[in-house]
Amino acid sequence: AGQAAQSALPQVDLAMAPRLMAAMHATIVQGLVRACHDLSEGGLGVAAAEMAFAGELGMRLDLRRIVREDAEDNTTLLFSESASRFLAEVHPSNAAAFEQAMAGLPHAWIGDVQTETVFVVTGLEGKIALNADVIELKQAWQGKH
């Protein structure tokens, strides 16, 4: 019998996860977070799109700002599903307090909200990987397009 293949399933860091969850909960309770979405089903790409759909606002993301060991390509970063990861919207006036609350835990500022309904993702190579209208994306997601 051959060796068992190593699982590519997301692994939960049992030491880090409770600390991360507690810190995220604290930032929400303190009112530092405007919106938050887990990155499980569909990963960052789906979470970001759903947040943009809900507010009918645009978003700009830069994948080069994400710190991940498996950051092989844009698709992996946008759609990998894993536990204990969140996309949080934080008002600029709360950014310093949010970062202080998350000190010592993995976190990164990866983009910002736009009043214009554009959904733009800059890829690892520094080029635009996705540039779409949020309303059109939402209609396609709802099966209306």
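Reckoned from all heavy atoms, side chains included, excluding hydrogens, waters and symmetry mates.
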Qualifying residues under side chain to side chain contact (heavy atoms under 4.5 Å, CB included), relative to T75, sequence neighbours excluded: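 If we apply the side chain to side chain contact (heavy atoms under 4.5 Å, CB included) test to T75, skipping adjacent residues, the hits are D73, F79.
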Would you say the side chain of [Y] lies within less than 4.5 Å of the side chain of [X], judging by non-hydrogen atoms?
X   : Y   : value
S80 : R85 : yes
F86 : H37 : no
M21 : S84 : yes

Please check this pair: side chain of [X] against backbone of [Y], looking for a donor-acceptor N/O pair closer than 3.5 Å.
X    : Y    : result
E81  : G42  : yes
T27  : M24  : yes
W141 : G143 : no

Determine whether I135 and E56 satisfy the following criterion, side chain to side chain contact (heavy atoms under 4.5 Å, CB included), listing intermediate values before the conclusion. CA-CA 7 Å; I135 305 305; E56 293 192 351; 4.0 Å; yes
How close do [X] and [Y] get, heavy atom to heavy atom, and via which atoms?
X   : Y   : value
L39 : L44 : CD2-CA, 3.8 Å
M51 : C36 : CE-N, 4.2 Å
V33 : A88 : CG1-CB, 4.2 Å

I66 reachable from V90 in the ILVMFWY side-chain graph, under 4.5 Å edges: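 No; tracing contacts between hydrophobic side chains, which count when under 4.5 Å, never links both residues.
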ILVMFWY cluster, V113 and L61 together (side-chain gap under 4.5 Å):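 No, no single cluster joins them.
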Report the C-alpha separation of Q114 and L57 in whole Å, then their side-chain angles, then the decisive distance to 0.1 Å, and conclude whether the side chain to side chain contact (heavy atoms under 4.5 Å, CB included) test is met. CA-CA 6 Å; Q114 304 288 302; L57 293 169; over 6 Å; no
List the atom pairs, with distances to 0.1 Å, where a side-chain N or O of residues 117-128 and a protein N or O form a donor-acceptor pair under 3.5 Å, not counting sequence neighbours.
unit_1 : atom_1 : unit_2 : atom_2 : d
T117   : OG1    : D133   : OD1    : 3.0
E125   : OE1    : N74    : ND2    : 3.3

Only pairs under 3.5 Å count here: list side-chain donor-acceptor contacts from residues 98-108, not counting sequence neighbours, and write none if there are none.
unit_1 : atom_1 : unit_2 : atom_2 : d
H107   : ND1    : M102   : O      : 3.4
H107   : ND1    : L105   : O      : 2.7

Please lay out, stage by stage, how I110 and L87 fare under the test side chain to side chain contact (heavy atoms under 4.5 Å, CB included). CA-CA 9 Å; I110 62 166; L87 178 61; 4.0 Å; yes
Spacing of K138 atom NZ and E50 atom CD [to the nearest 0.5 Å]: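 Those atoms lie 11.0 Å apart.
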